[in-house]
Amino acid sequence: MSEVKVREGNAGAPALVMPERPIYLDYQATTPVDPLVLEEMLPYLTRDFGNPASRSHVYGWSAEQAVERARQQVADAISADPREIVWTSGATEATNLALKGSAHFYSGRGRHIVTLRTEHKATLDTCRQLEREGFEVTYVEVGENGLVSPESFAAALRPDTILASVLFVNNEIGVIQPLEEIGQLLRERKILFHVDAVQALGKIPVDVEALQADLMSLSGHKIYGPKGIGVLYVRRKPRVRVEAQIHGGGHERGMRSGTLPTHQIVGMGAASELAVRSMESDACRIRQLRDRLLHGIMGQLEEVYVNGDLECRVPHNLNLSFAFVEGESLIMALKGIAVSSGSACTSASLEPSYVLRALGKPDELAHSSIRFGIGRYTTEEEIDTTVALVVSRVAKLRELSPLWEMHLEGIDLASVQWAAH
Amino acid sequence: MAYSEKVIDHYENPRNVGSFSKAEAGVGTGMVGAPACGDVMRLQIKVNGQGIIEDARFKTYGCGSAIASSSLVTEWVKGKTLDEALSIRNSQIAEELELPPVKIHCSVLAEDAIKAAVQDYLAHREDGSSAPSDGQ
């Protein structure tokens, strides 16, 4: 697969030529660093390499200045105050700090936490850990469109609820949760509100005041910034406290110790500013590409289903299930494009996506789902190539599929007595 | 998932894809697996008057190794007697295709498909619904 050919250059020096790579349509997994962002980061790896915590010389001062400028950039992107921004190694750490840190600090008030069944694993696994520590967690169900209703969310709240955590934009299906209503509910009841806005920043407006968020996780590498940097927003008014999870030096006002990675921070700051600046033009272009992809596939293939609400959704994500073809063979057939699948086919288990299951999808449809993630560098030509590939490969797999044949014969597959094995 | 070249070859160029009419004389159909488990194999054999499997067809809903296992089996059963076909073991299929350990169940399913197809053929012959004209 990754065979590298050596080509003789004009000057006689061999040049490395990578074999043609698949079309990248996995922008919800990660994004490349924008060249403008990279350019800002580079000086902080070499010339301005100082430790921002060094107070006694210019190396430290210039690094500190860069860190504070980036803090302002991130704060501006979410309508926060720079003193509310805490640097972390990524959004997973930010979410761990938000949930564990606040649950530990406020455990005297109550031990109940509310979240959604379709949260990111960073939230779900952290909640599992808190359950092991004696907290109680309610996982609120979502509708078949992936959205939670504020009513069912309100019904899960109890007098001893201290914290709630909701994913603004779902990473698998791109749906936008009604956070303003939820934020209002929580503020009225004085329950802390953590928002995972990792997939929202740069795609839709993110405003901590409008959402009434108390804590918010952000990530650098989902917004064309570097990996290994994230942010936890911690509200100052009314003041929210979190117990540190990492100790040693008292950086970030004691909430997160460790030498600050100046270049990563500069990258996250620049990427945040760029994300907000290019949000509207990106979204407009990406929506056109998404529609082209959706109509191209749906116009030529039957029995294709959109997972998650199509209206209340960022256009950057299109999650489709292809009935009567199996997930792993679908991924094999689509090796010309880099996408994610709802099927955990790389592992021994046949565990389909828990997000699609929470939407009430049958296992077969969860297995045969593909997440197309469209981004800043996706071209119309790439979308057209993808449509043609998907249509021809799915048709080929269906010709191979006895289930497709039965479907065409009008047999209801649910009525068939399948042999167990 | 690192597949062998043989699996990829069968996956990309599957042999004997298709169906026989179930009403046709001498046809046995075996369908095994379940959609919820991620694999359904349908193997059909066509048996001639001498009790020899003269042709085979398959359709499979499943992963690359499930498709490859069933494609391989259609090649192997052709020209064999029913007893010879029934003696094909999943371990032979797994060995031929160099299946990774997590995909051994695909070869088991292919062996089951042969048994189911032969049983179906024999059941039809007994009740005479589509008996082969073997003159006995």
Side-chain angles (χ1 to χ4, degrees), chain A residues 1-2 303 321-336 341-352 357 361-369 392-409 411-421, chain B residues 1-3 5 7-8 10-22 29-44 57-71 74 90 100-113 115-116 119-120:
Chain A
M1 285 284 285
S2 57
E303 295 292 331
S321 281
F322 299 87
F324 311 111
V325 298
E326 188 273 338
E328 189 196 307
S329 55
L330 184 60
I331 282 282
M332 262 176 97
L334 298 180
K335 64 183 179 208
S341 159
S343 181
C345 59
T346 45
S347 71
S349 72
L350 260 173
E351 187 78 8
R357 270 188 163 173
K361 300 284 170 189
D363 283 2
E364 299 95 286
L365 280 182
H367 274 303
S368 69
S369 71
S392 70
R393 295 304 169 96
V394 169
K396 189 186 163 201
L397 283 173
R398 282 179 174 172
E399 270 173 44
L400 266 180
S401 167
L403 305 183
W404 177 245
E405 189 182 301
M406 291 163 82
H407 167 71
L408 293 181
E409 287 169 358
I411 298 169
D412 176 15
L413 295 181
S415 70
V416 176
Q417 191 80 40
W418 299 102
H421 75 284
Chain B
M1 182 66 61
Y3 277 133
E5 282 179 18
V7 169
I8 291 172
H10 275 281
Y11 170 77
E12 284 178 353
N13 312 293
R15 333 286 201 253
N16 306 308
V17 177
S19 1
F20 298 129
S21 162
K22 285 182 187 175
T29 302
M31 187 149 78
V32 293
C37 307
D39 319 270
V40 176
M41 275 183 200
R42 192 188 64 195
L43 176 68
Q44 292 186 297
R57 291 281 184 275
F58 88 97
K59 281 201 178 188
T60 290
Y61 162 91
C63 64
S65 33
I67 291 170
S69 297
S70 35
S71 169
T74 59
N90 83 284
V102 297
K103 294 297 180 183
I104 296 300
H105 71 274
C106 297
S107 63
V108 174
L109 208 56
E111 183 188 318
D112 290 347
K115 288 181 181 143
Q119 259 170 21
D120 182 66

Would you say [Y] and [X] are linked by a side-chain donor-acceptor pair, where the criterion is simply a distance under 3.5 Å?
X	Y	result
A/Glu326	A/Ser368	no
B/Ser70	B/Arg42	no
B/Ser107	B/Ser69	no

Which one of B/Ala116, B/Gly62, B/Pro14 has the most heavy-atom pairs closer than 4.5 Å to chain A?
->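 Heavy-atom pair counts peak at B/Gly62.
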In terms of heavy-atom proximity below 4.5 Å to chain A, should [X] be classed as side chain, backbone, both, or neither?
X	answer
B/Tyr11	both
B/Pro35	both
B/Ser65	neither
B/Val40	both

Distance from A/Leu400 atom CG to B/Lys59 atom NZ, nearest 0.5 Å?
->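 Between A/Leu400 CG and B/Lys59 NZ, I get 8.0 Å after rounding to 0.5 Å.
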When rounded to the nearest 0.5 Å, the distance separating NE2 of B/His10 from OG1 of B/Thr60 is 12.0 Å
